[in-house]
Amino acid sequence: MVQATPVLLVLSLALVAPGLSTRKCVLTGRWRNDLGSNMTIEAVNAKGDFSGSYHTAVTATTNEIKVSPLQGSQHHTNQNRQPTFGFTVNWSFSDSVTVFTGQCFVDEKGREVLKTMWLLRSSVGNIMDDWKATRVGTNVFTRLQPQKE
Ligand code: BTN
């Protein structure tokens, strides 16, 4: 006599698991990171290029934070459902530039997540200060759902 519970378990896994693994991670949309910064990525074109805007929650300066433009590129392979990418934020309120590089993943619950590393280059007035001009860190971005009206 075949037990119903294990059979149902295997059947439900067979139905759910392929759906999770084949879901594609898409960069376009609104994202928030672990610092509370918000970013919008516009459409990714056929070459993999994209633009967008970045509203950082924090700054290394004393300047008033303003929304800043970003330019990026997604790896060109269409086969990869978890693509690698990079983008540059040219800060509009400081002399700094940040480059991010990362990968767009679909986690075990089917949610998209951007795992990134960044280098923030600040401007220094003297070459002797070059050693302290670059910060490094990581950010994890999750998708902001569109507001329901
Ligand atoms: C500056 O302070 O000159 C510009 C803002 C830098 C914000 C950094 S970039 C890396 C990290 N991730 C964020 O979302 N914000 C900070």
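Whatever order the structure lists ligands and atoms in, that order sets their numbers, starting from 1. Positions are given from 1, in the same order as the sequence printed here. These numbers come from a predicted model, not from an experiment.
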* N/O of Ala60 under 3.5 Å from N/O of ligand 1, yes or no? -> yes
* Any chance the side chains of Tyr54 and Asn33 put a donor and an acceptor closer than 3.5 Å? -> yes
* **Per-atom contacts of ligand 1 with Ser37, taking only distances under 4.0 Å to non-hydrogen atoms** => 13 (C), 14 (O), 15 (N)
* To do: Report the nearest protein non-hydrogen atom to atom 9 (S) of ligand 1: residue, atom name, distance rounded to 0.1 Å.
  => Thr98 OG1, 3.4 Å
* Check: Thr59 N/O within less than 3.5 Å of ligand 1 N/O -> yes
* Of Val89, Thr56, Asn139, which has the heavy atom at the shortest distance from atom 7 (C) of ligand 1? -> Thr56
* Please determine, by modelled atom types, if Trp91 and Thr98 share a side-chain donor-acceptor pair under 3.5 angstrom. => yes
* Asked: Are any of the side-chain nitrogens in Lys47 or Asp49 under 4.0 Å away from the carboxylate oxygens of its partner?
  -> yes
* To do: With heavy atoms only and a cut-off of under 4.0 Å, state how Val58 meets ligand 1: side chain, backbone, both or neither.
  => both
* Which atoms from ligand 1 have a heavy atom of Tyr54 less than 4.0 Å away? -> 12 (N), 13 (C), 14 (O)
* Asked: Between Thr138 and Trp118, does a side chain to side chain donor-acceptor pair (under 3.5 Å) hold up when you go through it step by step?
  -> CA-CA 6 Å; Thr138 59; Trp118 51 261; 5.9 Å; no
* Is there a side chain to side chain contact (heavy atoms under 4.5 Å, CB included) between Asn45 and Phe50 once you walk through the steps? -> CA-CA 6 Å; Asn45 74 16; Phe50 59 85; over 6 Å; no
* To do: Could you list the atoms of ligand 1 found under 4.0 angstrom from a heavy atom of Phe93?
  => 4 (C), 5 (C)
* Asked: Taking it one step at a time, do Phe85 and Leu27 satisfy side chain to side chain contact (heavy atoms under 4.5 Å, CB included)?
  -> CA-CA 9 Å; Phe85 62 88; Leu27 286 176; 3.8 Å; yes
* To do: Quick one: look at Leu35 and ligand 1, take heavy-atom pairs under 4.0 Å, and tell me if it's side chain, backbone, both or neither.
  => side chain
* To do: Go through ligand 1 atom by atom and flag the ones less than 4.0 Å from a non-hydrogen atom of Thr61.
  => 2 (O), 3 (O)
* To do: Determine whether the side chain, the backbone, both or neither of Ser94 has a heavy atom under 4.0 Å from any heavy atom of ligand 1.
  => side chain
* Only one of Val67, Leu144, Thr56 forms a side chain to side chain contact (heavy atoms under 4.5 Å, CB included) with Asn38, so which one is it? -> Leu144
